[in-house]
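Notes follow once the structure below has been shown.
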Amino acid sequence: MAGKPFELVFEKQQVNIEKLHEDLAARFMSFVGVSTGPGVMLRLYFQTPLLPGEELEAGTMVDLHDPAILTDRQIKAQNQQALLDQLVAIPWAAWTSQEKDDLLRVVAAQMGIDSFADSAAGGK
Amino acid sequence: MTWTTPRTWVTGELVTSTIMNAHVRDNLDALKAPPTEHYEANEGSDYTTTSTSLVDVDSTNLALSLTTYGGDVVISFHGMIKRSAAGFVFLDVEIDDGDTPVMAGGDDGIVGSGVATTPVCMGFTRLITGLAAGSYVFSLQWRNGGAGTATLYAGAGTTNGDVHPQFWVREVS
């Protein structure tokens, strides 16, 4: 479908756009996504224009946004990476079968094989 | 420079400078310098989006204005893209005549690729036919297939990602 979504532009330097996306998607049915680019511009996209009060509310959510707060997916990814870093530090000859299973789960999760994702994310 | 349909010469006609300038000089000029625009990103930061609907990548720099003479137009893009999690990224180009925008690709776009956290090269070359002579804005757009963030490297000095994407449009016939 052609035609650009409705856009709100803000100036904000530090953004965790996945977290901001999650928060805005939970609040606004018509929310489409967040983009950042060169400069300090942050763009919010909606399928339809917001009411004035809703624009103010979206602006407040941007103002209050804390980039240090992670989404569940980001926390899982961090845990997977930490587990991977821990595993690769072990000499191969010393690997247990459990550690090999853990590696397989992490790699599969990073490849997007969903059936492995939860077990890997919930690992060590 | 406007293209003039080449004259059909007839026996015994007087070749004037007006005819030669219009049908030889001006047409050669038109072939040598067709309508063309391009942008090569060299930015202070990379582009990112979480959008799962098509949105402009950069509505200022990666939106190219071109006035055409009714010929076919080639659009082309290349760049390096990654995602924060496994998923897809789709690229398309909106062609806006100021009245009724159309998508160059439509459906899932001109090109889509499975992208993980390791960056991949994405690009396309697309021939656009049937455009009437006129002024158009060609806007590069992108979207995610799945939750997560897509990043287009923009020559911003990112380690192992200091790659400069290029977007161009040119009338070719």
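Here is the naming used below: chain letters follow the sequence lines, and residue numbers restart at 1 for every chain.
Considering B:Val55, B:Val57, B:Thr149 as possible partners of A:Ser35, the one that fulfils the side-chain contact (heavy atoms from CB on, under 4.5 Å) test is B:Val55. With B:Thr50 as the partner, the side-chain contact (heavy atoms from CB on, under 4.5 Å) test is satisfied by one option alone out of A:Thr36, A:Ile17, A:Val32: A:Ile17.
Heavy-atom distances place both the backbone and the side chain of B:Ala85 under 4.5 Å from chain A. Proximity to chain A (any heavy atom under 4.5 Å) is shown, for B:Ser84, by both the backbone and the side chain.
Cluster annotation: A:Ile69 is not connected to A:Leu20 through the hydrophobic network of ILVMFWY side chains, with a link wherever side-chain heavy atoms come within less than 4.5 Å. Both B:Leu91 and B:Val120 sit in one connected hydrophobic cluster of ILVMFWY residues. Membership requires side-chain heavy atoms under 4.5 Å apart, directly or through other members. B:Phe90 and B:Met103 end up in different hydrophobic clusters when Ile, Leu, Val, Met, Phe, Trp and Tyr side chains are linked at under 4.5 Å. Under a hydrophobic-cluster definition in which Ile, Leu, Val, Met, Phe, Trp and Tyr are linked whenever side-chain heavy atoms come within less than 4.5 Å, directly or via other members, B:Leu152 and B:Tyr39 are assigned to the same cluster. Connection of A:Leu64 to A:Leu42 is not established within any shared hydrophobic cluster, with ILVMFWY side chains joined at heavy-atom distances below 4.5 Å, either directly or through further cluster members.
Here the CZ-CG distance, from A:Arg43 to B:Asp56, works out to 8.0 Å after rounding to the nearest 0.5 Å. Taking NE2 of A:His21 as the reference point, atom OG1 of B:Thr48 lies at 12.0 Å (rounded to 0.5 Å).
Judged purely by distance below 3.5 Å, without hydrogens or angles, the side chains of B:Ser53 and A:Gln47 never pair a donor atom with an acceptor atom.
Applying the 6.0 Å contact sphere to CD of B:Glu40 captures more than 12 heavy atoms from other residues, nucleotides or ligands. Heavy atoms from other residues, nucleotides or ligands lying under 6.0 Å from CZ of A:Phe31 number more than 12. Heavy atoms from other residues, nucleotides or ligands lying under 6.0 Å from CG of B:Asn160 number 12 at most. Within 6.0 Å of atom CZ in A:Arg73, more than 12 heavy atoms from other residues, nucleotides or ligands are found, so the atom counts as buried in its surroundings. In this structure, A:Gln14 places its CD atom where only 12 or fewer heavy-atom neighbours from other residues, nucleotides or ligands lie under 6.0 Å away.
Scanning residues 58-80 of chain B against chain A with a 4.5 Å non-hydrogen threshold yields B:Ser59, sorted by number.
Checking side-chain atoms of B:Ser45 against main-chain N and O of A:Gly37 turns up a donor-acceptor pair under 3.5 Å.
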